[in-house]
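To start, the structure under review is shown below, and the notes come after it.
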Number of protein chains: 2
Amino acid sequence: MDSSANPQAARVSSTAVDTYTIGECARRSGFTMDTLRYYERIGLIEDIARTPTGQRRFTDDHLEWLSVLKCLRDTGMPVEQMHRFATLARDGDHTIPERIAILQAHKLAVDARMDDLAAKRDYLLGKIDYYKSVA
Amino acid sequence: MDSSANPQAARVSSTAVDTYTIGECARRSGFTMDTLRYYERIGLIEDIARTPTGQRRFTDDHLEWLSVLKCLRDTGMPVEQMHRFATLARDGDHTIPERIAILQAHKLAVDARMDDLAAKRDYLLGKIDYYKSVA
DNA sequence: GTAGGACCTGGAGTGGACTCCAGCGCAAAC
DNA sequence: GTTTGCGCTGGAGTCCACTCCAGGTCCTAC
């Protein structure tokens, strides 16, 4: 897990800003390389720099953005809605109210999901107790 | 929503036990008719009686079983594992320990999912607050 | 007896989100 | 300077869990 073990320097320090290969970015973000490429293709990640030979170089800004995407994805937001959010994020500060609205609506959905899970977890516990009582 | 409004009697009372058409069963269980047929096909539901002309007749036992399936499905259990559980349930009381084990393992998975959702919900709230602070 | 909705079957199609592949070009370490 | 492994592309394939369809039968009410 030590990045110095990589034959190819995964973390590349140029003049001012650290950049990461797609492999390192995958490791740090929790997405696979394929998913990162896929997200770039469909417009969820933008402005990924390339080396003269075409390799991607991700930045800390990308990692931060990816942590947002990961949160949204893992809480069940559809890609299409993430895309809407990404578009707004690219369009500047005047879209902040709409971004807030999206996040709040999504938070409500997450709350509902958690409530549903909690209820079903209880049902599960009841089943387990029942089985134990007849075992 | 009154079943007497159905042109075809959805709830059929024969001699001893109430039975339900697939439409009524769908309405009561929360699954679609297609899903019920699909579940029968893959062996998640068994012993569905048929009228002489081939129509399915579900019982209250089926509805109870379907509520279990619904709980498992809605908490993210894969169909294959539900199938394993269904097989055990069909095989008699001596499988109860394994059924308990499955449910307990699944409950742990649900707990983990809930914890993850809770953490990500907090992250979301933080984002919302941040956006509000700069809006 | 006829209209209109419910139900049947087997099989094909869908949607979402990746995931994999071939065939290739680079990079770094020795 | 070669080996080993990372990364590239475009496009095809996968997985899961349904969902839909055509073409037919059946049921109930009027």
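Throughout, a chain's letter reflects where its sequence line sits, starting with A, and its residues are numbered from 1.
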- line: Side-chain contact check for A:T35: nearest option of D:dC27, D:dT19, C:dT19 is C:dT19

message: At less than 4.0 Å, is any side-chain N or O atom of B:R73 found next to OP1 or OP2 of D:dC16? Yes or no.
response: no

query: Atom CD of B:Q81 to atom P of D:dC16: distance rounded to whole Å?
result: 13 Å

message: Just to be sure I understand the rule, does A:Y39 reach a base, reach only the sugar-phosphate, or reach nothing, if contact means heavy atoms closer than 4.0 Å?
response: sugar-phosphate

- prompt: How many Å lie between CG on B:D34 and P on C:dG11, as a whole number?
  reply: 16 Å

query: 5'-most contact on DNA chain D: A:M33 or B:T51, nearest heavy atom basis?
result: A:M33

- prompt: The side chain of B:P78 lies closest to which of these nucleotides: D:dC18, C:dA27, D:dA17?
  reply: D:dA17

message: Could you tell me how far apart B:D74 (CG) and D:dA17 (C1') are, to the nearest whole angstrom?
response: 13 Å

task: Let me know the distance between CZ of A:F31 and C1' of C:dA17, rounded to the nearest Å.
output: 12 Å

- request: Give a yes/no answer on whether the side chain of A:R56 brings an N or O atom under 4.0 Å of OP1 or OP2 in D:dC8.
  value: yes

message: I'd like to know if the side chain of B:T21 and the backbone of B:E24 have a donor-acceptor N/O pair within less than 3.5 Å.
response: yes

- prompt: Which nucleotide, D:dC8, D:dA17, C:dC18, lies nearest any side-chain atom of B:Y38?
  reply: D:dA17

message: From CD of A:E80 over to P of C:dG15, roughly how many Å is that when rounded to an integer?
response: 12 Å

- prompt: Rounded to the Å, how far apart are B:R37 CZ and D:dC21 C1'?
  reply: 12 Å

field: Distance in angstrom units between A:L69 CG and C:dA17 P, rounded
entry: 13 Å

- request: Establish, from distance only, whether the side-chain atoms of B:Y123 and A:T75 form a donor-acceptor pair under 3.5 Å.
  value: no

query: Would you say a side-chain N or O of A:R57 is under 4.0 Å from OP1 or OP2 of D:dC6?
result: no

task: Kindly say if B:R41 contacts the phosphate of C:dT9, meaning a side-chain N or O under 4.0 Å from OP1 or OP2.
output: no

- prompt: Start at the 5' end of DNA chain C and walk down; is the nucleotide closest to A:T53 or to A:T32 reached first?
  reply: A:T32

Nucleotide nearest B:R50 when distance is taken to its side chain, options C:dT9, D:dT19, D:dC8: C:dT9

Integer-rounded Å distance: C:dC7 C1' and B:E40 CD: 13 Å

- request: For A:H62 and A:D47, indicate whether the former's side chain and the latter's backbone hold a donor-acceptor pair under 3.5 Å.
  value: yes

- prompt: In Å and rounded to the nearest 0.5 Å, what is the CD1 to CD distance from A:I48 to A:E40?
  reply: 3.5 Å

field: Option among A:F58, A:Y39, A:Y38 that satisfies the ring pair (Phe, Tyr, Trp, His ring centres under 6.0 Å) test with A:F31
entry: A:Y39

Closest-nucleotide 5' rank along DNA chain C - winner of B:I22 and A:G76: B:I22

